[in-house]
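Structure record follows, encoded as structure tokens.
Throughout, a chain's letter reflects where its sequence line sits, starting with A, and its residues are numbered from 1.
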There are 2 protein chains.
Amino acid sequence: MISKRLSELRKKKKWPLQYIADQLNIAKSTYAGYESGYRQPSLEAVKELAQLFETSTDYLLGAADSPEKPDFHTIELTETAMLAHICFTIDGKPLTADDLNQMIAFIRVKREMDSTQTHHQ
Amino acid sequence: MISKRLSELRKKKKWPLQYIADQLNIAKSTYAGYESGYRQPSLEAVKELAQLFETSTDYLLGAADSPEKPDFHTIELTETAMLAHICFTIDGKPLTADDLNQMIAFIRVKREMDSTQTHHQ
DNA sequence: TAAGTTGTTCGCGAATCGCGAATATACGAT
DNA sequence: ATCGTATATTCGCGATTCGCGAACAACTTA
């Protein structure tokens, strides 16, 4: 499992084996063993690899399906794919899809008004 | 690191060693070794332990500080503490605090109208 | 061709694992 | 107090796995 994840991520980053080996202070052959499945990285190495690849250990170990860190630093409210997994609430009551659409329209109008009518600056 | 996390979580759940050992199909002494730091669990065991404790491997390995699974199923928009770590965008442009407050007010008004004026059903 | 980079595999010594056994501790029930 | 049971901790053993360098293949570039 982890071997697949590692080779997939490294190819995406287009890094050579040696680069990762240097970052973790291990031999090239050692890391190569991780990708080939010949060896398993130590827990500490897994942690460092997740950090290096900017993903989670859950993804590396196959406990998560998405490589994205669940930081949710930014949530694009018009991205319905993402919203399918999130439930927004106000005062504890969930927003309907309709609520959300109206909110989006509301903000768009607000922005429109700000940009065409008033020009603070 | 992981030993601390394991014993902390197990104590919180008030589970005996044997119970966990049974769940993972390993010897009691094997799991005891994990908690004492005498041994390290395999990657597969880490994955299963995270599942058993309903937490993330990131937390077990010390790559995350919170034991909570990052599911974020629900986001309460009036909870400013949570919102401090999230940036919402519409059409790629981030919402200001003002935008958010108006959106919340907007929804509250909408709900008010729905409940006092119109009664479908 | 020669030199360099990258990826793969192998064997060796060393380190670690998983297990059962032995021991220690806690706590009711008799 | 004395069992009996459940729980926790540590140890040694055999087996497994690790990390490393070495060796090699494939490929690019000079």
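In this structure, CD of A:Gln18 is placed 12 Å from C1' of D:dG21, rounded to the nearest angstrom. Taking atom CG of B:Leu49 as the reference point, atom P of C:dG18 lies 11 Å away to the nearest angstrom. Distance, A:Glu35 CD to D:dC18 C1': 17 Å, rounded to whole Å. The separation between A:Ile20 atom CD1 and C:dT5 atom C1' is 16 Å, rounded to whole Å. Protein atom NZ of B:Lys13 is 18 Å distant from nucleotide atom P of D:dT7, rounded to whole Å. Counting to the nearest Å, the C1' atom of D:dT17 and the CD atom of B:Glu44 are 16 Å from each other. For the pair B:Leu17 CG and C:dA26 C1', the interatomic distance rounds to 14 Å; values are reported in whole Å. Distance CG (A:Leu43) to P (D:dG19): 11 Å, rounded to an integer number of Å.
Residue A:Ile26 is classed as a sugar-phosphate contact, given heavy-atom separations below 4.0 Å to backbone atoms only. Within the 4.0 angstrom heavy-atom criterion, base atoms lie near B:Ala32.
Note on A:Asp58 versus A:Arg5: no salt bridge recorded, every NZ/NE/NH1/NH2 to OD/OE distance being 4.0 Å or above.
Among the nucleotides C:dG20, D:dG19, D:dT7, the one closest to any side-chain atom of B:Ser29 is C:dG20. In this structure, the nucleotide among C:dC19, D:dG19, C:dT6 sitting nearest to the side chain of A:Lys28 is C:dT6. With distances taken from any side-chain atom of B:Gln40 to the nucleotides D:dC18, D:dA8, C:dC17, the minimum falls on C:dC17. Nearest nucleotide to the side chain of A:Thr30, out of D:dC20, D:dT9, D:dT7: D:dC20. Checked against C:dG11, D:dG12, C:dT8, the side chain of A:Tyr38 finds its nearest nucleotide in C:dG11.
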Practice item. Could you go through the ring pair (Phe, Tyr, Trp, His ring centres under 6.0 Å) check for B:Tyr31 and B:Tyr19 one step at a time? Key: CA-CA 10 Å; B:Tyr31 176 76; B:Tyr19 171 72; over 10 Å; no
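A sub-4.0 Å separation between OP1 or OP2 of C:dG7 and a side-chain N or O of A:Arg10 is present. Between A:Arg39 and the phosphate of D:dC18, there is a side-chain N or O to OP1/OP2 separation shorter than 4.0 Å. For C:dG18, the OP1/OP2 oxygens have a side-chain nitrogen or oxygen of B:Tyr34 closer than 4.0 Å.
Between the side chains of A:Thr89 and B:Glu76, at least one donor N or O sits under 3.5 Å from an acceptor N or O. Side chains of A:Ser42 and A:Glu44: a donor-acceptor N/O pair is absent below 3.5 angstrom, by distance only.
Counting only heavy atoms from C-beta outward, the side chains of A:Pro41 and B:Leu43 approach each other to under 4.5 Å.
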